[in-house]
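The next block holds one structure in the form of C-alpha cells; read it before the comments.
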Amino acid sequence: NNSSYIRAVDGIADEFADETGVAPLIIYSADVIPAMTSNSAPSGTASANSENTTAQQAWKVFNDATGDAWYGATAGTGWIKYDFGSGVTKTPVAIKIQASSSPTGAPASGTIQGSNDGSTWTTIKTLSGLSWTANEIKTFTISSTTAYRYFFFYIVPASGGPSIGEIQILEAGSGLVSVNTTYNATS
C-alpha cells in the first residue's frame with residue numbers, strides 16, 4: 001500500500017532528523033504521467049478549459065519536452081486536468097510545475113486538486129504569492145496520503161492568460177539520502 005509506505009518513510013525521516021539533527025532528502029519517483037503525444041495517448045487524458053492554438057494543447061504540459069507549453073485561449077484564470085484512467089490512481093508526494101517562456105501566465109495563485117470520480121474534488125495544495133521567471137521549475141510537496149485518479153490544476157496567472165511549460169506528478173521513491181556528509185564524533 002503506497003500510503004503506508006509514505007507514512008513509514010516519513011516516520012523514518014522524522015526519527016533520523018530527531019536523532020542526527022540532519023534533515024534527510026526524500027527520493028522521488030520519476031514522473032508517473034507517461035510522456036504524452038496527444039491529449040489521449042499513450043494513456044490517460046489531458047484536458048484544459050481552453051487551448052490557444054493546436055501547438056499549445058493541454059498534452060504539451062505532460063510530454064516531458066522542454067520548450068513546449070500549454071497556453072489558455074483567453075486572459076484570466078484557467079485550468080488543466082489529467083485523468084490517469086479507470087482503475088489507475090497515484091499518491092503524489094510532490095508536484096513539479098515549470099513556467100512557460102511567458103512566466104506571467106504561470107500560477108501566481110491557484111489550487112491543485114485530486115478526485116476519484118471527476119466531480120468531487122479535494123484541494124491537496126494551495127498556491128499563493130508566487131512569481132516566476134521564464135522556464136523556472138518549482139516543486140510543491142504534497143502532504144496528502146490519498147491516491148487519486150484525476151488531478152486538476154486551477155491557475156490564476158499574474159497577468160494575461162494562463163500558461164504552463166510542464167507538470168510532473170512524483171510519488172515516493174525508494175531510499176533516504178542524507179544531505180549532510182559531515183559527522184561529529186562524541187565521547
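Each residue takes its place number in the sequence, starting with 1.
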Audit row: Trp79, Ser47, side-chain contact (heavy atoms from CB on, under 4.5 Å) steps and yes/no: CA-CA 8 Å; Trp79 59 262; Ser47 59; 3.8 Å; yes
Intermediate values then yes/no, side-chain contact (heavy atoms from CB on, under 4.5 Å), Thr77 and Tyr154: CA-CA 7 Å; Thr77 61; Tyr154 178 72; 3.2 Å; yes
Pair Tyr148-Thr89, side-chain contact (heavy atoms from CB on, under 4.5 Å): steps then yes or no: CA-CA 5 Å; Tyr148 294 106; Thr89 60; 5.8 Å; no
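Note: the hydrophobic cluster containing Tyr71 does not contain Ile155 (ILVMFWY, side chain heavy atoms under 4.5 Å, direct or indirect links). Tracing side-chain contacts under 4.5 Å through hydrophobic residues (I, L, V, M, F, W, Y), one never reaches Phe152 starting from Val61; they form parts of separate clusters. The hydrophobic clustering, which links ILVMFWY residues whose side-chain heavy atoms are closer than 4.5 Å, places Ile169 and Leu127 together. Tyr150 is not connected to Val88 by any chain of hydrophobic side-chain contacts under 4.5 Å among Ile, Leu, Val, Met, Phe, Trp and Tyr, and they are in different clusters. Linking ILVMFWY side-chain heavy atoms closer than 4.5 Å, directly or via other members, places Phe140 and Phe151 in a single hydrophobic cluster.
Heavy atoms only, all atoms of each residue included: Pro34 and Ser43 are closest at CG-OG, 3.4 Å. Here the shortest heavy-atom pairing between Trp70 and Ala48 reads NE1-CB, 3.4 Å. Between Ile124 and Pro92, the shortest heavy-atom distance links the atoms CD1-CG, 4.2 Å. When all heavy atoms of Ala73 and Ser50 are compared, the pair lying nearest together is N-OG, 2.8 Å. Nearest heavy atoms, Ser101 versus Ala134: O-CB, 3.8 Å. In terms of heavy-atom proximity, Gly85 sits nearest to Asp83 at N-OD1, 2.7 Å.
By the 4.5 Å heavy-atom criterion applied to side chains, Thr45 and Lys81 are not counted as neighbours. Residues Glu136 and Leu130 have side chains not in contact (no heavy-atom distance under 4.5 Å, counting atoms from C-beta outward). You'll find the side chain of Pro42 reaches within 4.5 Å of the side chain of Met36, heavy atoms only. Contact of the Ile112 side chain with the Phe153 side chain is registered, since non-hydrogen atoms from C-beta on lie closer than 4.5 Å. Put simply, the side chain of Thr66 does not reach to within 4.5 Å of the side chain of Asn135, judged on heavy atoms.
Remark: Lys96 pairs with no residue by the salt bridge (Lys or Arg N to Asp or Glu O under 4.0 Å) rule, at least two apart or across chains. With sequence neighbours left out, the salt bridge (Lys or Arg N to Asp or Glu O under 4.0 Å) criterion links Asp31 to no other residue.
Lys60 places no side-chain N or O within 3.5 Å of a backbone atom of Ala65 that could act as its donor or acceptor partner. Judged by distance alone, the side chain of Gln57 and the main-chain N or O of Ser38 form no donor-acceptor pair under 3.5 Å. Judged purely by atom type and a 3.5 angstrom limit, Trp132 has no side-chain atom pairing as donor or acceptor with the backbone of Ser102. Judged by distance alone, with hydrogens and angles left aside, the side-chain atoms of Glu171 form a donor-acceptor pair with the main-chain N or O of Thr91 at under 3.5 Å.
Sorted by first then second residue, the side chain to side chain donor-acceptor pair (under 3.5 Å) pairs that include residues 118-130, not counting sequence neighbours, are Gln113-Thr123, Asp117-Ser119, Asp117-Thr120.
Annotation: the span from Ile137 atom CD1 to Gln168 atom CD amounts to 7.5 Å, rounded to 0.5 Å. Note that CG of Asn49 and OG1 of Thr74 are 6.5 Å apart. Values are rounded to the nearest 0.5 Å. Between Asp64 atom CG and Ile167 atom CD1 the span is 12.0 Å, to the nearest 0.5 Å.
Checked against the 6.0 Å centroid threshold, Tyr82 and Phe84 count as a close aromatic pair.
With Asn63 as the partner, the side-chain contact (heavy atoms from CB on, under 4.5 Å) test is satisfied by one option alone out of Thr37, Ile33, Asp68: Asp68. Of the residues Pro107, Pro162, Ser109, the one that meets the side-chain contact (heavy atoms from CB on, under 4.5 Å) test with Val156 is Ser109.
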